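Taking it in order: structure first as structure tokens, then the write-up.
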Amino acid sequence: MTDNRFSRRSVLRGAGAVAGAGAIGGFGMTSAKAAKDLRVLMAGGTWGEWVNKTFADPFAKAKGIEFVWKHGIGQEPIVMAQRVRPQWDLSHSSQTKAGQLVAMGLYRPWTADRIPNIEKVHPSFRYEQLVGKCHTPYGLCVNTKRITRPVDSWLDMWDPAFKGKVAFPAWNWQGEEVFHAINIALGGSVENIEPGIAKFKTLFKDNQCKIINNVEHTKQLLTADEVWIAPYFGARTEQAAAAGAPVEFVIPKEGGLSWIWNMALVANRPKDSLELADAFMNTTLEAEAQIAFARLTGYPPTNMEAMRNLPPDLKKLELSEADVELLGKLQRNTDYMAMFAFRDQYVERWNKEVLQAA
Amino acid sequence: MIRDPEARTGAFASILLSPITVLYLLFLLAPISYFLAVSFFKYSPAELFIPGFTTENYSRLLFDSYYRNVIYSTFRIAAVVTLISLVFAYALAYFLARMTSGWRSLLMFLIVAPLMTGIIVRTYGWIVLLGSDGLINRLMMLVGLVDSPAALLHREGTVIVALVHIMLPYMVFPIFSSLTSQDPHLVPAASTLGARPLRAFLEVTLPLSRSGIVMGSALVFTLTAGSVVTPQLLGGRDVTMMGQTIYNLVLSTFNWPLGAAVAALLVLTQFLVISLYFRKTRGAH
């Protein structure tokens with residue numbers, strides 16, 4: 001079994017030691033030469049194209065540098081494996097994984113002195129480990145043909161009328177974050193998951209909840225009428241609705257979520273590369289660039305100045321202060337650094353007490 | 001100067017084999033040795049692992065009911081898929097081996113064709129087919145077999161059916177190869193000696209195709225045991241196999257020592273299956 005005796009403090013203390021060791025390992029990497037490229041690990045596909053078009057190409061042109069990309073998902077192990085001699089400057093990560101790698105000294109925290117545009121992002125969506133370039137509102141996707149009553153709460157998933165037609169994201173996809181958000185809504189905290197475990201046991205056992213593994217999988221199950229209600233992305237729900245699916249997006253009254261999509265700053269790289277990476281990340285938070293990105297992706301900007309100045313064709317994406325507050329309500333109370341410290345124990349409890357017991 | 005022809009052939013063979021040996025050492029044995037070592041390290045959330053020696057990860061695998069179930073269901077599903085594939089593939093390979101017309105090439109192409117499509121696409125195909133609003137459910141409702149859509153997805157049976165579909169070519173070809181390499185006069189010879197067709201098949205054809213059966217079974221068993229995508233997408237919460245567990249532990253939870261222990265157990269089993277193959281087919285070769 002996992003050693004349950006460690007505390008969050010001991011984890012972070014250990015992390016400090018690793019960060020120090022990493023810094024020593026990184027000394028040899030410091031180069032007097034100006035960085036000629038930015039090396040980036042990120043998922044490819046349309047996101048890769050959009051990031052390239054909106055942020056990377058103009059930045060490369062302005063700075064006279066090149067971008068080197070390695071596309072793929074779940075690339076954090078590469079950063080871990082290269083802890084002594086990191087070869088990449090930026091790594092596309094989620095806020096939870098970024099938290100763990102910051103604690104390990106493998107990613108650098110974001111600070112306003114290096115990346116001043118941080119100040120323009122709503123406080124609910126800027127973290128020490130990652131600051132998002134766009135909002136990805138996340139709440140409930142509801143099949144309005146099958147569910148005719150109003151849905152406004154995460155707890156609507158527990159309605160016995162939806163037995164066998166409710167789904168929840170896999171723990172390693174978005175399940176972990178959504179679980180913690182609902183656990184907080186139920187009165188728990190990242191360090192106390194008892195309310196969440198007890199509640200989810202009933203969702204899986206009594207309401208025959210299914211597991212969804214990714215965006216495409218969810219879409220397939222919604223289309224095949226296998227799922228009527230599930231936590232999902234707002235923009236994806238809108239896309240499905242535009243394609244004719246009878247679905248609508250609801251931000252639950254307890255608070256929705258918004259994923260922090262951006263690249264984490266890899267530590268222990270040469271000084272010039274670090275500065276270049278900071279400068280690039282700063283441009284991803286600029287109002288004008290974020291508006292251009294919103295036009296491509298259909299996701300609202302995180303820069304509140306950009307949000308207030310959305311052009312007429314993008315007004316539909318606008319989130320009011322109240323909307324942003326609602327999206328950040330649960331997220332603000334989520335301690336991502338604590339989440340990773342207990343992740344191994346929590347995934348085991350989830351597997352055994354929720355999934356296996358169902 | 002090597003004068004002995006045998007020694008010269010040996011030296012030449014060594015030269016020819018050296019690139020592949022280096023490749024195997026660097027990209028197979030070295031990573032396997034690394035994760036074997038990591039499987040004996042202690043997990044630490046902030047450091048991934050702490051070098052040292054502990055059997056904690058293996059104890060967790062073998063004595064924790066959750067992981068024991070994962071191991072058991074992995075090998076059970078792999079065995080069932082192997083058995084079903086063997087039955088279907090043997091019949092198909094036998095039919096193909098006996099065919100003389102030009103249709104044989106087309107049929108063989110049709111067997112290979114699914115391999116040209118990504119596994120994820122094929123798995124989504126099953127969702128479209130078996131979903132509540134899918135073709136099978138619509139047909140069953142049309143003929144009055146069921147009143148409302150049957151729950152066909154997210155079951156172990158669905159995973160097995162999909163895996164058999166994916167693995168079939170890996171079983172068909174070794175068996176086909178062993179059947180076509182048999183002397184075509186053996187069965188007529190057995191008949192002239194009084195053997196009925198079934199007896200000739202059981203006592204001549206089947207034993208002589210043993211190498212293909214064992215090879216196909218070893219391939220299908222090992223590939224099935226390491227499956228990730230199909231059980232993940234079609235099995236839902238009811239099916240968890242070792243491949244998925246490794247993926248989650250290494251890429252999501254970042255518990256590399258435990259992930260390495262699961263991987264070690266899987267690789268060890270696969271080595272055992274392959275060794276069994278060599279042992280069983282030594283005579284056949």
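Every chain is numbered from 1 and lettered A, B, ... according to where its sequence line falls, protein lines coming before strand lines. Since the structure is predicted, the reported quantities are computational estimates derived from the model, not experimental observations.
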Which atoms form the tightest heavy-atom contact between Arg83(A) and Leu48(B), and what is the distance? NH1-CD1, 4.4 Å
Kindly indicate, with the supporting measurements, whether the criterion salt bridge (charged side-chain N to carboxylate O under 4.0 Å, His left out) is fulfilled by Arg60(B) and Asp344(A). CA-CA 13 Å; Arg60(B) 198 168 160 189; Asp344(A) 183 57; 3.6 Å; yes
Hey, mind stepping through Leu233(B) and Asn214(A) against side-chain contact (heavy atoms from CB on, under 4.5 Å) and telling me if it holds? CA-CA 9 Å; Leu233(B) 296 181; Asn214(A) 53 47; 4.2 Å; yes
Quick check: under 4.5 Å, non-hydrogen atoms only, which of residues 164-173 of chain A neighbour chain B? Lys165(A), Asn172(A)
Closest contact, heavy atoms only, Phe204(A) versus Arg237(B): O-NH1, 2.8 Å
Nearest 0.5 angstrom please: Met80(A) CE to Phe254(B) CZ, how far? 3.5 Å
Heavy-atom distance under 4.5 Å to chain B: side chain of Tyr346(A), backbone, both or neither? neither
Residue, of Ser59(B), Ser132(B), Gly131(B), that accumulates the most heavy atom pairs under 4.5 Å with chain A: Ser132(B)
Could you tell me the separation between the NZ atom of Lys97(A) and the OG atom of Ser252(B), rounded to the nearest 0.5 Å? 5.0 Å
Could you have a look at Asn351(A), Leu221(A), Thr223(A), Leu101(A) and say which one has the most heavy-atom pairs with chain B under 4.5 angstrom? Asn351(A)
A quick test of your reading: do over 12 heavy atoms of other residues, nucleotides or ligands sit less than 6.0 Å from OH of Tyr72(B)? no
Whatever's closer than 4.5 Å to a heavy atom in chain A on Phe63(B) counts as neither
Mind checking whether Glu348(A) and Thr253(B) have side chains closer than 4.5 Å, heavy atoms only? no
Straight-line distance of Tyr66(B) OH to Glu353(A) CD, nearest 0.5 Å: 12.5 Å
Pick one of side chain, backbone, both or neither for Glu226(A), based on which atoms fall under 4.5 Å of a heavy atom in chain B. both
Close side-chain approach of Pro45(B) and Phe342(A), heavy atoms under 4.5 Å: no
Quick check: do Glu76(A) and Leu251(B) have side-chain heavy atoms less than 4.5 Å from each other? no
Can you confirm whether Phe75(B) is buried at CZ, in the sense that more than 12 heavy atoms of other residues, nucleotides or ligands lie under 6.0 Å from that atom? yes
In this structure, are over 12 heavy atoms from other groups packed under 6.0 Å from Phe40(B) atom CZ? yes
Would you mind checking which part of Asn137(B) comes under 4.5 Å of any heavy atom in chain A, side chain (CB onward), backbone (N, CA, C, O), both or neither? neither
Got more than 12 heavy atoms from elsewhere within 6.0 Å of CZ, Arg108(A)? yes
Proximal component of Ser94(A), with respect to chain B [non-hydrogen, under 4.5 Å]: neither
Against chain B, label Ile212(A) side chain, backbone, both or neither, depending on which of its atoms sit under 4.5 Å from a heavy atom there. neither
Side chains of Gln356(A) and Thr240(B): closer than 4.5 Å at any heavy-atom pair? no
Using a 3.5 Å distance criterion without hydrogens, assess whether the side chain of His154(B) forms a donor-acceptor pair with backbone atoms of Lys210(A). no
So what's closer than 4.5 Å to chain B heavy atoms on Glu216(A): side chain, backbone, both or neither? both
With a cut-off of 6.0 Å (strictly less than), are more than 12 heavy atoms of other residues, nucleotides or ligands near CZ of Phe88(B)? no
